[in-house]
Protein chains: 2
Amino acid sequence: MNYCSHCGNSVVLEIPEGDNLPRHICHQCNIIHYSNPKVVTGTLPVWKDKILLCKRAIEPRLGMWTLPAGFMENSETLEQAAIRESVEEANANIKLDGLYTVFSLPHISQIYVMYRAELLDLNFSPGIESLEVKLFSEDEIPWQQLAFKTIEQTLRYYFSDRKMNNYPVYSHIIEKSNRK
Amino acid sequence: MNYCSHCGNSVVLEIPEGDNLPRHICHQCNIIHYSNPKVVTGTLPVWKDKILLCKRAIEPRLGMWTLPAGFMENSETLEQAAIRESVEEANANIKLDGLYTVFSLPHISQIYVMYRAELLDLNFSPGIESLEVKLFSEDEIPWQQLAFKTIEQTLRYYFSDRKMNNYPVYSHIIEKSNRK
């Protein structure tokens, strides 16, 4: 950040009084411009013993497979955002089943919040950000072609928990990987 | 937002190609400036049958009681942020016990992520953002003097769940209230 988005004058990087981190400050407007982590949210849509995955039509990880997920927007709830992303990326008609994974990705200042979901019918199709959407059973999952470690981890928890029909909520860090 | 924070030229509010929401766009830099919800995280610190609350020294809700919580910063995990806020606001020495409440507040574009925590000793004291920090048993909680509905709801779940010694993770919307 170089300029104040409010008045257009230059900002300086300083630690405000009572704070302990440098922030971009506009001394014209007396405004502190904070930068904070972004929230990605999405779903794990289940149809019988299969999971709906989307092949990415956009960077990053174009051509790799993912669960429907994307950035939460202002003025929506996590649940609304997760459903919206499932519609945008897969035209998936779903019902949320519950919060499932909450990951911190400090190296890119993001958190991921994923919900288990029931796919209500087979009328899914690729949205503009997907090349293809398809159901996969556990032994069909393209593990080596998954776009993100958050998605791989969510799928691994799911297939493990499904054996016991018990789905706790997971919350932990996802470290930077070679893939990410 | 009026000006591009990168180059200082004026931005326009337009729907980018392939998007469906208006964004602030700089046609000089060809940058889209997104605005997204912020994450607030904190803890419910428990000592025997009591909970640690902080009396706010800052607006909003100056003088009202809250659990230690605040905005997550870039490059940290939710867990680190929750512990940091507990230190900053109450100098509390804690150990996290688990994710507890995940609330969406769409009217102010925030999510709250609260963790249960064990208070490890009684060496707490007010941080710069607190006037006072104090342990409260259930019948001492100043329900009418709580700063935020998210905090009240987290405390209500806790006292209810404590009876069964079973703490599920809650995820739902917190609607705008008269208090907020």
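Letters go in sequence order (proteins before strands), and every chain restarts at 1.
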Worksheet item: Do the side chains of A:I31 and A:V11 join up, straight or via other hydrophobic residues, at under 4.5 Å, putting them in one cluster?
Response: no

Worksheet item: How long is the gap from CG on A:L99 to CG on B:L99, to the nearest 0.5 Å?
Response: 6.5 Å

Worksheet item: Can you name the closest pair of heavy atoms from B:Y115 and A:S171 and give their distance?
Response: OH-OG, 3.1 Å

Item to complete: Flag the one option from A:P37, A:C4, A:S104, A:S10 with the top tally of heavy-atom pairs under 4.5 Å to chain B.
Response: A:P37

Worksheet item: Considering only heavy atoms, which portion of A:Q80 lies under 4.5 Å from any heavy atom of chain B: side chain, backbone, both, or neither?
Response: neither

Worksheet item: With hydrophobic residues grouped by side-chain heavy-atom distances under 4.5 Å, do A:W47 and A:L52 end up in a single group?
Response: yes

Discussion item. Membership question, hydrophobic clusters at under 4.5 Å side-chain separation (ILVMFWY): are B:L119 and B:I83 in the same one?
Written reply: yes

Worksheet item: With no hydrogens and no angle check, is any side-chain donor or acceptor of B:N2 less than 3.5 Å from a backbone partner on A:G8?
Response: no

Worksheet entry | Contacting region of A:V102 [heavy-atom separation from chain B under 4.5 Å] | side chain

Practice prompt. Check whether B:F124 and B:L120 end up in the same hydrophobic cluster, where Ile, Leu, Val, Met, Phe, Trp and Tyr are linked by side-chain heavy atoms less than 4.5 Å apart.
Written response: no

Worksheet item: Can you tell which of A:G18, A:S5, A:S35 has the highest number of heavy-atom pairs within less than 4.5 Å of chain B?
Response: A:S5

Fill in: Heavy-atom pairs under 4.5 Å with chain B, option from A:V39, A:I173, A:I111 with the top count
A:I111

Fill in: Portion of A:L78 that has a non-hydrogen atom of chain B nearer than 4.5 angstrom
both

Fill in: Shortest non-hydrogen separation from B:K38 to A:Y34 and the atoms involved
NZ-O, 4.5 Å

Worksheet item: Roughly how far, to the nearest 0.5 Å, is the OG atom of A:S75 from the CG atom of B:L105?
Response: 11.5 Å

Worksheet item: Quick one: do A:L53 and A:L131 end up in the same hydrophobic cluster if we chain Ile, Leu, Val, Met, Phe, Trp and Tyr together by side-chain heavy atoms under 4.5 Å apart?
Response: no

Worksheet, complete the sentence: So CG of B:N74 and CD of A:Q110: to nearest 0.5 Å the spacing works out to 10.5 Å

Worksheet item: Taking everything shown except B:H33 itself, do over 12 heavy atoms lie less than 6.0 Å from its NE2?
Response: yes

Worksheet entry | Contacting moiety of B:E88, where chain A heavy atoms sit under 4.5 Å | side chain

Response to the item:
Okay, A:N20 and chain B: the region with an atom under 4.5 Å from a heavy atom over there is side chain

Item to complete: Name the region of A:R84, side chain, backbone, both or neither, that has any atom closer than 4.5 Å to a heavy atom of chain B.
Response: neither

Worksheet item: Counting heavy-atom pairs under 4.5 Å to chain B, which of A:L21, A:T77, A:N36 comes out on top?
Response: A:N36

Practice prompt. Could you look at A:E73 and say if it's the side chain, the backbone, both or neither that has a heavy atom under 4.5 Å from chain B?
Written response: both

Discussion item. Quick check on A:I128: does its CD1 atom have over 12 non-hydrogen neighbours (other residues, nucleotides or ligands) under 6.0 Å away?
Written reply: no

